Each structure stands twice: as C-alpha cells, then as structure tokens.
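Notes follow the structure.
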Amino acid sequence: MPKKASGPKARWTAAQKAERKGPKKPHRGQAASRTEAPAGDRPKRPRAERSPRWDREDPRRGSTPPREDRRRDERAARGDDRPAFRRDDRPARSERPSYQRDDRPARSERPSYQRDDRPARSERPSYQRDDRPARSERPSYQRDDRPARSERPSYQRDDRPARSERPPFRRDDRPAHRPHDERPRRERGDRPVRDYTPRVADPVRRDRHEGRHADRFRDDRFRDDAERPRSFEDAEAERAEADSWTTYRSAAAGGPREVTADNGFAALGVPDLLVERLARDGIAEPFPIQAATIPDALAGRDVLGRGQTGSGKTLAFGLPTIARLADGVRPQPKRPRALVLVPTRELAMQVSDALEPFVHVTGITHRLVAGGLSYEPQIKSLQKGVHLLVATPGRLVDLMERGAVDLGGIEVVILDEADHMADMGFVPEVTAILAAVPQGGQRLLFSATLDKGVDALVEKYLVDPVTHSTDDAQASITTMSHHVLLVDPHNKKQLTAELAGRDGRSVIFARTQLGVERIAGELRDRGVLAAGLHGGLTQNVRNRVLGAFRDGKVPVLVATDVAARGIHVDDIGMVIQVDPPTDHKDYLHRAGRTARAGEQGAVVMIALPHQRKIVTRIIENAGAEAQTTRVLPGDATVLGMGGKVPAGVPVPDSVWRPIIEGSPTKGRRGGPPRRGAPAGGRPQRSQGSSPRSGRPSGRGGRMGA
DNA sequence: AAAAAAC
C-alpha cells in the first residue's frame with residue numbers, strides 16, 4: 001500500500017482511485033460491503049461461532065440476525081478480524097448512538113448514572129432520581145456525606161427531644177463542653193501550675209473554710225485587709241498557721257466536711273478543682289508516694305514511683321495526668337490523649353472508678369478498655385473522642401488492630417504494676433503499645449515492687465526519669481503481722497477452713513485455677529461461704545464474685561494471683577496463702593490486700609513441713625518478719641488468730657449459687673452448669689473439665705502443693 | 001512455673 005509520497009506531490013488518476021477503492025477497503029461511512037452480499041447467500045456459520053446473544057432464541061427478533069451480527073458475518077467472510085471500532089463499515093460517528101462513539105470513558109470510569117444499566121427512574125430511590133436540588137441547596141441532613149447514624153455522636157442523631165425537653169445535663173452547654181475561650185477563666189483548667197499554689201494566706205478564705213464567721217463572710221470580702229497586698233513574711237506566717245490548721249482538720253475528720261482547697265495537695269500544685277474534689281471525700285493530706293511524685297509528674301517528667309501496697313499510687317499518677325488533660329484541648333476521634341495500662345481487668349475497672357470523680361469534675365472524659373466486655377461501647381466512645389484510656393493490654397492491641405483506636409495522640413502513658421507489665425507474658429503487647437505511642441511523651445511507671453525488671457522498658461521508652469521510692473517507711477509492713485503456720489498435709493483443709501471461718505473478710509490465695517475452684521468448694525462444703533475468682537471464669541462471673549465480696553455478701557474470696565495486685569477491698573482482715581507465692585514480690589502483693597491505708601491485718605502462710613524452707617526465704621526476701629508456728633486444727637494459735645471451727649454443714653447451693661451466677665435468665669443456657677466448672681471466658685485457655693464434678697467431700701488429696 | 005492478657 002503506497003504511502004503518501006514525501007517528494008513532489010503525486011496525484012491519483014480517477015482510474016487509479018477507482019481501482020484502489022474496490023471492495024477490499026471501503027471508505028468509512030460508505031459502507032459498500034454492507035449491501036454487497038445478501039444475508040441469505042452467505043454460508044451459515046457453525047452454531048458455536050454465532051453470537052451467544054443470538055443463540056438465545058428471542059421470539060421478538062424473527063429469523064433475520066440483527067445488523068451487528070450480519071456485519072460480523074460479513075467481516076468474517078472477508079477475513080477481517082479487526083475490532084469493531086477499527087472497522088470502516090460503521091455508520092458515521094455522528095450517526096451512531098452516543099454509546100457507540102468510542103470516546104466515552106470505560107464503563108468502570110463513568111459515573112454510575114452513565115452506565116446504562118440503572119433501573120428506570122421510577123424504580124430508583126428518591127436520592128437517585130437526579131432531580132433533587134443542588135447539594136448546596138439541600139439541608140445539611142440531605143447532603144449524603146455525614147457519617148452513618150451509628151457513627152455520629154448522640155446529639156447529631158436527629159431523634160433526641162428538643163433542648164427544652166432535655167434534662168439540664170443533656171443540654172450540651174455545660175461549662176466543660178463550652179468552647180474553651182468562652183468559658184470563664186476559673187473553668188478553663190489551663191492556668192499554669194503555679195496558679196494553683198495554696199491560697200491559705202487569704203484570711204477571708206480561711207474564715208470560710210473554718211466555718212466560722214459565716215455571716216460575716218460577705219462583708220469580709222470587701223474588708224481592706226483582705227485586699228491589701230501581703231508581704232512575703234506575712235504570707236509565710238499565714239501559711240504556717242494554715243498548715244497547722246489543716247493538720248488539725250484532717251485529724252478531726254468525721255461528720256460533714258468543709259470543701260476546701262487549702263491542703264497538702266494544693267501545695268503540691270494539684271489544680272483547685274481536684275483539690276476540692278479530694279477534700280469532699282475527706283482526703284486532705286497526700287500519702288508519701290503522692291507527695292513525692294505529684295510535683296514531678298505535674299512538671300511533665302518521667303517518673304518511676306515505688307510505694308507500698310495500698311499507699312495511693314492510683315491518685316499519684318491519676319491526679320497529675322488529669323490535671324494535664326484538663327487544658328481545654330479536646331481529643332480527636334479515636335485519638336485518646338493519655339493511657340493507663342494495667343495487668344488485670346478488675347484492676348482496670350478499679351482504676352477507672354477511682355479516677356472517675358476527678359475526671360468528672362474537670363469535664364474531661366475517660367474510658368475503660370478491657371477484655372470480656374462488649375466491644376461496642378468501647379469502640380463508640382473511642383470514635384467520639386476520649387481523653388483518658390484505662391486499658392488492659394490484650395483488648396487495647398485488639399482495638400488497635402481493628403483500627404478503632406489510634407495511639408498517635410497519646411501524651412502520657414502510665415504503666416501501673418509496671419514490673420508485672422514488664423514480665424515475659426506481657427512484653428509483646430506492652431511493647432506493641434509503647435511503639436505505637438509518639439516518642440517524647442510523658443511516662444509514669446508505678447509499682448510496689450518496681451525493680452530491675454523494668455530496666456529494659458525504662459532504657460527504651462523513658463527520658464531522664466526521676467525515681468521516687470517510699471518503701472523505707474515500711475508503712476504497710478508494720479501494720480501487718482506475718483505468720484507461717486506449719487501443718488501436716490492431712491490437717492491442711494481443716495486448718496484452712498478454720499482460718500477462713502473467722503469473722504470478717506479474708507482472701508485466700510492459691511496457685512492455680514483448679515486449686516481455687518477446689519478450695520472454694522471444700523470451704524462451702526464445710527459451711528464457709530466462699531467464692532472463687534480466677535481468669536478462667538467469664539467476666540460476668542468475675543464481676544459478680546468480686547462485687548459480692550466487696551458488698552460483704554461473701555466473706556471469703558479464694559483467688560489466683562489475678563487478685564494479688566492492686567485490688568482494693570476495705571477491711572480485709574486476713575490474707576491466707578494455701579500455696580506459697582512464686583517469689584517475694586508476689587508475696588508482698590498478696591499480703592498487700594490486707595492492712596490497706598494504715599489498717600491492721602494478718603498475713604498467714606500455710607506451709608507443709610517440706611515447704612518451710614522456701615516459704616521462710618520468700619518472706620525474708622520480702623523484708624517481713626514472720627513467726628513460724630507448728631499448728632493443729634483448733635489449737636490455741638489458730639483460735640488466737642480469730643480462727644473458728646466452721647459448722648460443717650455445707651452451704652446450700654441456693655445460698656451461694658445466686659450470688660456467684662446471678663439471675664437465671666442471664667446465666668448460661670442449657671440447664672445448670674456443672675458445679676465449679678470454669679465458665680470459660682476464653683475457650684482456648686479455660687480448663688477442660690470440672691476440677692470437682694462429683695461430690696467435693698468425696699475427693700481426697702491435699703490442699704495446695 | 002502459673003497466671004494474666006483478645007475474639
């Protein structure tokens with residue numbers, strides 16, 4: 001085929017043109033070939049070659065193949081297998097329907113309404129009929145770009161009652177929720193720390209706090225000397241006076257209390273709002289660990305805090321963190337600003353509850369994130385935005401993987417029971433979490449037994465930490481008495497029952513989940529109302545058991561080390577250990593369930609003769625001094641410690657089962673559960689079968705070991 | 001070495 005000559009212009013003669021045209025290569029649009037051969041003359045193609053569409057017998061089409069098919073046949077006859085859009089036998093472009101002009105984007109590129117396959121207009125939902133007003137003309141709720149209803153905060157779901165119908169706390173204009181700069185300065189919570197220095201030197205305030213001169217108060221405000229600038233000496237003198245006064249006030253605690261901001265917490269730099277909230281609970285003076293760590297924590301430093309069990313560590317890290325979060329900066333969705341990591345779910349709940357009043361009073365938000373609880377509330381409040389997260393590691397990592405939380409906004413991380421969180425079992429999750437947190441944020445590590453175990457974490461994630469250790473005071477150790485009771489194996493169950501049968505609350509620690517179940521059952525069989533607590537139970541049961549113990553419905557809690565750390569229950573008079581703890585740290589934590597915050601308490605180690613050595617060494621390492629006594633059930637030593645010989649009549653199922661299992665409607669389906677069988681919150685780890693499915697008293701074996 | 005920590 002001659003190409004266009006590049007030299008002097010050659011022109012075709014008419015004959016040449018006519019020859020060239022021929023049937024071989026007709027011009028586009030001329031469609032010579034279309035009329036060339038009548039359909040009937042062509043050989044019939046084998047069935048397989050025909051258009052599949054045509055093969056479907058459509059009665060409407062009659063016997064003549066449609067035009068396209070005819071064309072294809074003609075092309076095939078010519079041996080022309082070029083694609084349709086390259087062929088020259090189609091009608092002129094302008095003659096063809098728009099969808100055959102070959103210049104529209106591929107179907108997948110076209111907007112849905114140009115794909116030619118949408119249902120008829122009347123079949124389409126109203127928002128797809130293309131006749132609604134322009135987006136900008138439509139009301140906001142018809143713009144189709146707001147998040148799904150379930151994703152929106154409650155106040156944007158369009159179904160709440162009118163503002164005037166709602167209770168005041170749902171009207172969304174409470175101080176904490178007003179934009180930061182519209183709030184009065186007093187409520188902004190962004191004043192620098194030094195603004196929180198005690199105002200004890202103000203005589204007007206002092207009068208008010210003392211409750212004297214109540215009727216003079218208004219006048220006093222305008223007294224000259226109340227306004228007069230004070231000299232440094234004046235201030236110091238008045239501060240000293242006020243200090244002695246606060247001491248007096250807290251010593252004389254009891255009865256309705258004045259709400260005052262002038263106490264030891266204010267002196268540490270704790271914001272007024274928090275100090276006042278503390279005072280409302282009668283908490284006026286910080287514990288040593290709080291006094292030691294709060295100023296550094298408020299200053300933003302990394303802190304390692306080691307304080308006795310029951311010495312108020314939760315507030316030591318909680319107050320400075322809350323103070324920091326109360327700066328008016330609202331968290332973005334899914335991006336909490338601070339994180340408290342704890343090793344057990346119960347402790348997470350306790351920490352969350354303990355911080356609640358202070359979170360509330362500062363108008364910030366916090367959220368418990370732990371396993372065994374439903375995902376939805378946790379995910380929803382994360383989505384909504386929350387300042388402070390109190391979490392167990394497993395669930396938090398889970399939520400990270402689900403994309404429900406982004407730790408990129410975390411400013412403060414607290415590891416409660418930090419040495420435990422640095423244990424092998426926790427390390428993968430804890431490091432995953434710490435790696436997801438921005439570097440350079442504040443880190444607070446607390447534990448009663450903070451030791452070298454955290455060194456690796458400290459090295460990697462902390463910057464110039466300051467260590468505060470207050471154990472030399474040995475506060476809890478001294479209000480606690482330690483005993484080793486040596487007993488022969490065949491007497492161990494009876495001895496345990498007698499100690500547990502004492503008046504008041506006791507906790508019994510055993511080594512394994514099976515041990516817990518067995519001991520709790522054996523105690524009930526001897527007439528002591530006891531309930532087991534361990535990680536093999538559903539969270540429901542765990543909550544109920546701990547709740548019943550806290551409420552006093554069950555006086556004896558039998559637990560694994562799940563309850564060894566941090567769990568606070570008032571007035572536990574005795575800790576009984578039927579299995580020796582792993583090490584001196586576990587001993588201290590178990591022991592620390594009693595003698596909380598200055599109370600008295602006894603720690604009893606029940607040891608078989610062969611355990612004497614190991615047990616003595618553990619207690620020695622713990623820094624305690626124990627009395628070792630050989631005992632028989634019912635002897636003077638046991639009774640002298642408050643032990644009582646139990647009735648020996650089994651506690652009826654009807655008494656203990658409802659306490660532990662709750663209402664039958666909420667319990668497991670399919671009839672009563674096997675007695676004592678762990679409910680299996682985590683199937684892969686729960687114990688396969690009941691440790692004591694038969695009559696418990698019919699089983700031999702020692703307790704423990 | 002057990003327990004804890006996610007479904």
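Remember, predicted model here, so these are calculated numbers, not experimental data. Here is how names work: the chains are called A, B, and so on, in the same order as the sequence lines, proteins then strands, and each is numbered from 1.
- The side chain of T512(A) approaches dA3(B) more closely than any other nucleotide in the set dA3(B), dA4(B), dA6(B).
- Separating the CD atom of Q539(A) from the P atom of dA4(B) is a distance of 11 Å, rounded to the nearest angstrom.
- Taking the side chain of Y375(A) as heavy atoms from C-beta on, and the options dA3(B), dA5(B), dA6(B), the nearest nucleotide is dA6(B).
- As judged by a 4.0 angstrom heavy-atom cut-off over every strand, R565(A) is placed among residues making no nucleic acid contact.
- The side chain of R542(A) places an N or O atom within less than 4.0 Å of a non-bridging phosphate oxygen (OP1 or OP2) of dA5(B).
- Rounded to whole angstrom, the span from the CG atom of L399(A) across to the P atom of dA5(B) amounts to 15 Å.
- If you measure from atom CE of M421(A) to atom P of dA4(B), you get 15 Å, rounded to the nearest angstrom.
- Between D406(A) and R335(A) there is a salt bridge, since at least one side-chain N of the basic residue sits less than 4.0 Å from a carboxylate O of the acidic one.
- Residues H589(A) and T449(A) bring a donor and an acceptor atom of their side chains to less than 3.5 Å of each other.
- Side-chain N/O atoms of T392(A) include one lying less than 4.0 angstrom from OP1 or OP2 on dA6(B).
- Taking the centre and axis of the six-membered ring of F549(A), the NZ or CZ atom of R544(A) falls outside the cone set by 45° and 6.0 Å.
- What separates OH of Y587(A) from C1' of dA2(B) is a distance of 20 Å, to the nearest Å.
- Atom P of nucleotide dA2(B) and atom CG of D586(A) are separated by 14 Å, given to the nearest angstrom.
- Distance from the side chain of Q513(A) is smallest to dA4(B) among dA4(B), dA5(B), dA2(B).
- I410(A) and V412(A) get closest at one heavy-atom pair: CG2-O, 3.4 Å.
- Among dA3(B), dA6(B), dA1(B), the nucleotide with an atom closest to any side-chain atom of T582(A) is dA1(B).
- Between the CE atom of M424(A) and the P atom of dA4(B) there is a distance of 16 Å, rounded to whole Å.
- Under the 3.5 Å distance criterion, with hydrogens and angles disregarded, a donor-acceptor pair is assigned to the side chains of E517(A) and H534(A).
- We find that CD1 of I379(A) is positioned 14 Å from P of dA6(B), with the value rounded to whole Å.
- Taking atom CD1 on I614(A) and atom C1' on dA1(B), their separation rounds to 12 Å, with Å as the unit.
- The shortest distance between the side-chain N/O atoms of T560(A) and the OP1/OP2 oxygens of dA4(B) is below 4.0 Å.
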